[in-house]
**Student:** 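I am attaching a structure below and will ask some questions about it afterwards.
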Amino acid sequence: MGGKTIFHIDANSAFLSWSAAARLYKGETIDIRDIPSIVGGDPKSRHGIVLAKSIPSKKYGIQTGETLSSALSKCPTLTIVPPEYDIYVRCSNAMVEILKEYSPKHQRYSIDECFLDCTNMENLHGKPIEVAYAMKERIKKELGFTVNVGISSNKLLAKMGSDLKKPDMVHSLYPEEMEEKMWPLPVGDLFMVGRKTMLKLYRINVKTIGDLANYNVNILKDLFKSFGEVIWKFANGIDDSEVRKSNFIDVKGIGNSTTIPFDVDNKREAYMVLLSLTEIVAMRLRDSENLCRLVAVSIRSNEFANYSRQRKLSFATDSTSVIYGIVKELFNESWKEEKVRQMGVRVSELCSNEFYQTSFFQADEERLRSLDKTIDGIRLKYETGAITRSVFVNSGIKAITGGYSVEDYPPMSSIL
DNA sequence: TCTGGGGTCCTAGGACCC
DNA sequence: TCTGGGGTCCTAGGACCC
């Protein structure tokens, strides 16, 4: 069959493996992959959830996303390590650099996943299964962590394949293998079938991916609208999406949100948090060479009620102070005077800034733009915290919230 | 369950227009 | 207004992914 050859590469327990590899490199003798361990945030600042788990900790029933206290009650001897995002970015970049050598058509799907289109490349690298083992072994040898590789004729099946048995495995999942390898799996294992959809499917007695594949697609469409057809196609291994190079032009929106270490119950403190979030959003927006036409604020109350408010702009902007001004208005319009646990700022409806001429604008706006540029320059050259606003001094609120620094883009030579 | 943060896409309902 | 139908734009919310 003259189909495509698609690989999906997935780092095993990425954050945990990457922290483990970095620790071994620094001379530690214990490999946290071999003991019950997790990567987790700090409960004191209300970030206490499991971000990644080792294979031995899975035996205790520990789940990604559960609270640290819950995880500790399942396994009192659990080793907890903090997340080290700069290391994760380096490991991810290093993995992608190796994978790029196998095909110019590569798509970074997330920090720990990548698709490769190696169609018609057998003469160059060999049979798909051999290429998959070669990639896997190179990453293990050169970078010190393991990956799973899925092989198929489309992205969906390649991704489902890499998810089969872990860790350090290669699986093919061609359409002719689907019935045997994918259909017996619980329907919740299918890409895009989350908790809510799974519950609805259980109600119509669809329990496995095979059940879904063989269900009447018209009934699914009635129940789930267009989404019904999507998951039915996935269950049947149907997917014709392209492996496409992801780049910053494709970015649809830029957001930054944080759970505040304490509940905020007044505008003054809320504004400070919103400003610290906006600083990063606007800086990333400018760095992407885009302007935004939509600004949104999201709020989570201390009782976990979520709501948001957005505004479409009649103009496009990348100015920190313009965006912050709108953010404050949106907060005022939406805040229900209750205690706030989490806040977020997001910009979207991006457009290129290439025709954005400062001469179109009044002197005041021009002055603000040039101030933004100057501050971005200093923050990039030194570090994000090199310049902060004086209102944050002694406030207990961070002047800058969100990961963004030169560390996000390390040179290849600085890997581990 | 004392429960993070980055995203994308879809849908429903209302305003407004012809 | 005892009031049609189709289209677009906007907002809020909810589903999913990692």
Side-chain angles (χ1 to χ4, degrees), chain A residues 8 10-11 13-15 38-52 61-74 82-83 85 88-89 92 107-115 155-156 159-160 162-163 188-201 224-231 234 241 246 248 250-261 263 277 280-281 284 293-314 330 333-334 339 341-350 401-404 408:
Chain A
H8 179 258
D10 189 338
S13 321
F15 285 6
I38 57 164
V39 174
D42 179 13
K44 279 193 221 108
S45 59
R46 312 203 291 187
H47 288 67
I49 63 155
V50 176
L51 296 163
I62 291 167
Q63 310 253 335
T64 303
E66 76 178 314
T67 58
L68 293 198
S69 57
S70 162
L72 275 168
S73 71
K74 289 175 180 171
Y85 294 103
Y88 304 156
V89 171
S92 174
Q107 178 181 3
R108 211 167 174 158
Y109 183 71
S110 72
I111 193 161
D112 63 343
E113 289 178 41
C114 202
F115 288 100
K155 285 167 72 180
L156 184 271
K159 182 162 167 58
M160 293 302 294
S162 72
D163 211 29
D189 284 3
L190 183 65
F191 180 66
M192 289 304 285
V193 176
R195 216 175 55 91
K196 298 272 183 182
T197 306
M198 192 175 66
L199 287 173
K200 274 170 94 176
L201 288 169
F224 297 97
K225 315 276 176 180
S226 61
F227 185 64
E229 193 175 3
V230 170
I231 56 175
F234 285 176
S241 65
S246 32
F248 66 88
D250 293 317
V251 117
K252 301 280 197 303
I254 295 168
N256 188 9
S257 65
T258 191
T259 294
I260 309 135
D263 284 336
L277 293 166
I280 293 300
V281 169
R284 287 177 56 205
R293 308 186 86 106
L294 187 79
V295 179
V297 167
S298 61
I299 293 170
R300 169 177 283 173
S301 78
N302 67 338
E303 287 175 322
F304 282 81
N306 299 305
Y307 47 96
S308 64
R309 194 158 179 100
Q310 65 183 54
R311 178 169 305 153
K312 171 114 175 137
L313 311 180
S314 58
L330 292 170
E333 290 164 16
S334 56
K339 290 185 176 174
R341 176 191 178 86
Q342 189 243 47
M343 277 187 275
V345 171
R346 161 160 289 272
V347 295
S348 54
E349 298 201 11
L350 308 186
T401 299
Y404 182 84
D408 286 2

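Chain naming here is simple, since letters A, B, ... match the order of the sequence lines and numbering starts at 1 in each. From a predicted model like this one, the values you see are computed outputs, not experimental measurements.
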**Student:** Give one of base, sugar-phosphate or nothing for A:Leu313, where a contact means two heavy atoms less than 4.0 Å apart.
**Tutor:**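 Answer is nothing: A:Leu313 stays at 4.0 Å or more from every strand.
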
**Student:** Is the phosphate of B:dG6 approached by A:Ser257 (side-chain N or O, under 4.0 Å from OP1 or OP2)?
**Tutor:**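 So the side chain of A:Ser257 is within the cut-off, an N or O lying under 4.0 Å from OP1 or OP2 of B:dG6.
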
**Student:** Any side-chain N or O of A:Lys225 below 4.0 angstrom from OP1/OP2 of C:dA15?
**Tutor:**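 Checking A:Lys225 against C:dA15: no side-chain N or O falls below 4.0 Å of OP1 or OP2.
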
**Student:** Distance check: side-chain N/O of A:Arg46 vs OP1/OP2 of B:dG4, anything under 4.0 Å?
**Tutor:**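 No, outside the criterion.
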
**Student:** Within the structure, does a side-chain N or O atom of A:Arg195 lie under 4.0 Å from either OP1 or OP2 of C:dC16?
**Tutor:**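 Looking at the OP1 and OP2 atoms of C:dC16, neither is under 4.0 Å from any side-chain N or O of A:Arg195.
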
**Student:** Find out whether A:His47 and A:Thr258 are in side-chain contact, i.e. whether some heavy atom of one side chain is under 4.5 Å from a heavy atom of the other.
**Tutor:**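 In short, these two side chains touch, coming nearer than 4.5 Å.
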
**Student:** Of all the choices, B:dT8, C:dG13, C:dC17, which nucleotide is nearest to the side chain of A:Tyr307 once you look at every atom?
**Tutor:**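 Taking heavy atoms from C-beta onward, the closest nucleotide is C:dG13.
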
**Student:** Between A:Thr259 and A:Gln342, is there a side-chain heavy-atom distance shorter than 4.5 Å?
**Tutor:**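 Yes; the side chains approach each other to less than 4.5 Å.
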
**Student:** Could you tell me whether the side chains of A:Arg300 and A:Asn306 share a donor-acceptor contact shorter than 3.5 Å?
**Tutor:**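 There is such a pair (donor and acceptor under 3.5 Å, judged by atom type) between the side chains of A:Arg300 and A:Asn306.
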
**Student:** For the pair A:Arg195 (side chain) and A:Gly188 (backbone), establish whether a donor and an acceptor sit closer than 3.5 Å, ignoring hydrogens and angles.
**Tutor:**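 Judged by distance alone, no pair lies under 3.5 Å.
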
**Student:** Around A:Glu303, counting heavy atoms of other residues, nucleotides and ligands shown, do more than 12 lie under 6.0 Å from its CD?
**Tutor:**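 No, the 6.0 Å shell around CD holds no more than 12 heavy atoms from other groups.
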
**Student:** From NZ of A:Lys200 over to C1' of C:dG14, roughly how many Å is that when rounded to an integer?
**Tutor:**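 Taking atom C1' of C:dG14 as the reference, NZ of A:Lys200 is at 11 Å.
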
**Student:** Distance check needed: B:dG4 C1' versus A:Tyr88 OH, whole Å only.
**Tutor:**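 Whole-Å distance recorded here is 13 Å.
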
**Student:** So, is A:Thr259 close to the B:dG5 phosphate, meaning a side-chain N or O under 4.0 Å from OP1 or OP2?
**Tutor:**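 Checking B:dG5 against A:Thr259, a side-chain N or O does come within under 4.0 Å of OP1 or OP2.
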
**Student:** Just checking A:Gly194: base, sugar-phosphate only, or nothing, at a heavy-atom cut-off of under 4.0 Å?
**Tutor:**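 Answer is sugar-phosphate: A:Gly194 comes under 4.0 Å of backbone atoms only.
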
**Student:** Is the aromatic ring of A:Phe304 within stacking range of B:dT3, meaning centres under 5.5 angstrom and planes under 30 degrees?
**Tutor:**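 Whether judged by distance or by angle, A:Phe304 passes, so it stacks on the base of B:dT3.
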
**Student:** Do any side-chain nitrogens or oxygens of A:Lys159 fall under 4.0 Å of OP1 or OP2 in C:dC17?
**Tutor:**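 So the side chain of A:Lys159 is outside the cut-off, no N or O lying under 4.0 Å from OP1 or OP2 of C:dC17.
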
**Student:** Counting side-chain heavy atoms from CB outward, which of B:dG4, C:dC18, C:dT11 is closest to A:Leu294?
**Tutor:**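 Shortest atom-to-atom distance from the side chain points to C:dT11.
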
**Student:** Counting side-chain heavy atoms from C-beta on, which of C:dC16, C:dC18, B:dG6 comes nearest to A:Met192?
**Tutor:**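 Looking only at side-chain atoms, A:Met192 lies closest to C:dC16.
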
**Student:** Taking only N and O in the side chain of A:Arg346, is any of them less than 4.0 Å away from OP1 or OP2 of B:dT8?
**Tutor:**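 Yes, A:Arg346 has a side-chain N/O under 4.0 Å of OP1/OP2 on B:dT8.
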
**Student:** Rounded to whole angstrom units, what separation is found between the CZ atom of A:Arg300 and the P atom of B:dG6?
**Tutor:**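 Distance check: A:Arg300 CZ to B:dG6 P gives 12 Å.
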
**Student:** Looking only at side-chain N and O atoms, does A:Arg341 come under 4.0 Å of OP1 or OP2 in B:dG4?
**Tutor:**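 Indeed, a polar side-chain atom of A:Arg341 lies that close.
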
**Student:** Which part of the nucleic acid, if any, lies within contact of A:Thr67, taking any heavy atom under 4.0 Å across all strands shown: a base, the sugar-phosphate backbone alone, or nothing?
**Tutor:**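 A:Thr67: backbone/sugar contact only, no base atoms under 4.0 Å.
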
**Student:** Roughly, in whole Å, what's the span from OH in A:Tyr85 to C1' in B:dG5?
**Tutor:**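 Roughly 7 Å, once rounded to whole Å.
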
**Student:** How far does the P atom of B:dA15 sit from the matching atom of C:dT1, given to the nearest Å?
**Tutor:**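 Each nucleotide's P atom is 15 Å from the other's.
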
**Student:** Regarding A:Ile254, tell me which of base, sugar-phosphate or nothing describes its non-hydrogen contacts under 4.0 Å with the strands shown.
**Tutor:**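 Sugar-phosphate contact only.
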
**Student:** Considering heavy-atom distances to DNA chain B, does A:Gly255 or A:Phe15 have its closest nucleotide positioned more toward the 5' end?
**Tutor:**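 Result of the comparison: A:Phe15.
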
**Student:** Considering only C:dC18, C:dT11, C:dA15, which nucleotide approaches the side chain of A:Lys312 most closely?
**Tutor:**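 Within the option list, the nearest is C:dT11.
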
**Student:** Quick one: A:Glu333 CD to C:dT11 C1', roughly how many Å, whole number?
**Tutor:**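 Whole-Å distance recorded here is 12 Å.
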
**Student:** So which nucleotide does C:dG7 pair with, by the Watson-Crick or G-U wobble rule with both distances under 3.5 Å?
**Tutor:**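 Its partner is B:dC16.
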
**Student:** Measure the acute angle between the ring planes of A:Tyr109 and A:Phe115, then classify it against the limits of 30° and 60° as parallel, tilted or perpendicular.
**Tutor:**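 If you compare the ring of A:Tyr109 with that of A:Phe115, the planes turn out perpendicular.
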
**Student:** With a 4.0 Å cutoff (strictly under), does any side-chain N or O of A:Asn306 reach OP1 or OP2 of C:dG13?
**Tutor:**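 So the side chain of A:Asn306 is outside the cut-off, no N or O lying under 4.0 Å from OP1 or OP2 of C:dG13.
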
**Student:** Got A:Gln63 and A:Val50 here, is their nearest side-chain heavy-atom distance under 4.5 Å?
**Tutor:**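 Sidechains of A:Val50 and A:Gln63: no contact.
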
**Student:** Indicate, with a heavy-atom threshold strictly under 4.0 Å, whether A:Gln310 touches base, sugar-phosphate, or nothing.
**Tutor:**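 Contact class for A:Gln310: base.
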
**Student:** Taking atom C1' in both B:dC16 and C:dG4, what distance in whole Å separates the two?
**Tutor:**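 Between the two C1' atoms, the distance is 16 Å.
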
**Student:** OP1, OP2 of C:dT11 versus side-chain N and O of A:Ser308: anything below 4.0 Å?
**Tutor:**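 No, A:Ser308 has no side-chain N/O under 4.0 Å of OP1/OP2 on C:dT11.
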
**Student:** Check whether any side-chain N or O of A:Thr64 sits under 4.0 Å from OP1 or OP2 of B:dG4, and answer yes or no.
**Tutor:**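 So the side chain of A:Thr64 is outside the cut-off, no N or O lying under 4.0 Å from OP1 or OP2 of B:dG4.
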
**Student:** Can you tell which of C:dC16, B:dG4, C:dC17 lies closest to the side chain of A:Lys196?
**Tutor:**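 Per side-chain heavy atoms of A:Lys196, the pick is C:dC16.
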
**Student:** Think A:Thr258 has a side-chain N or O under 4.0 angstrom from the OP1 or OP2 of B:dG5?
**Tutor:**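 It does, given that an N or O in the side chain of A:Thr258 lies less than 4.0 Å from OP1 or OP2 of B:dG5.
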
**Student:** Given C:dT11, B:dT3, B:dG5, identify the nucleotide with an atom nearest to the side chain of A:Ile49.
**Tutor:**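 Nearest nucleotide to the side chain: B:dT3.
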
**Student:** Report the distance from atom CG of A:Asn302 to atom C1' of B:dT3, rounded to the nearest whole Å.
**Tutor:**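 Value for this atom pair: 13 Å.
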
**Student:** Would you mind reading off the distance between A:Leu350 atom CG and B:dT8 atom C1', rounded to a whole angstrom?
**Tutor:**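 Distance check: A:Leu350 CG to B:dT8 C1' gives 13 Å.
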
**Student:** So which one's nearest nucleotide on DNA chain B is more toward 5', A:Gly253 or A:Gly65?
**Tutor:**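 Upstream on the strand: A:Gly65.
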
**Student:** When you measure from the side chain of A:Arg309, which nucleotide among C:dC16, C:dA12, B:dT8 comes out closest?
**Tutor:**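 Per side-chain heavy atoms of A:Arg309, the pick is C:dA12.
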
**Student:** Given atom CZ of A:Arg284 and atom C1' of B:dG6, what is their separation to the nearest angstrom?
**Tutor:**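 Distance check: A:Arg284 CZ to B:dG6 C1' gives 8 Å.
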
**Student:** Would you mind reporting whether A:Met192 and A:Leu156 have side-chain heavy atoms less than 4.5 Å apart?
**Tutor:**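 A side-chain contact under 4.5 Å is absent here.
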
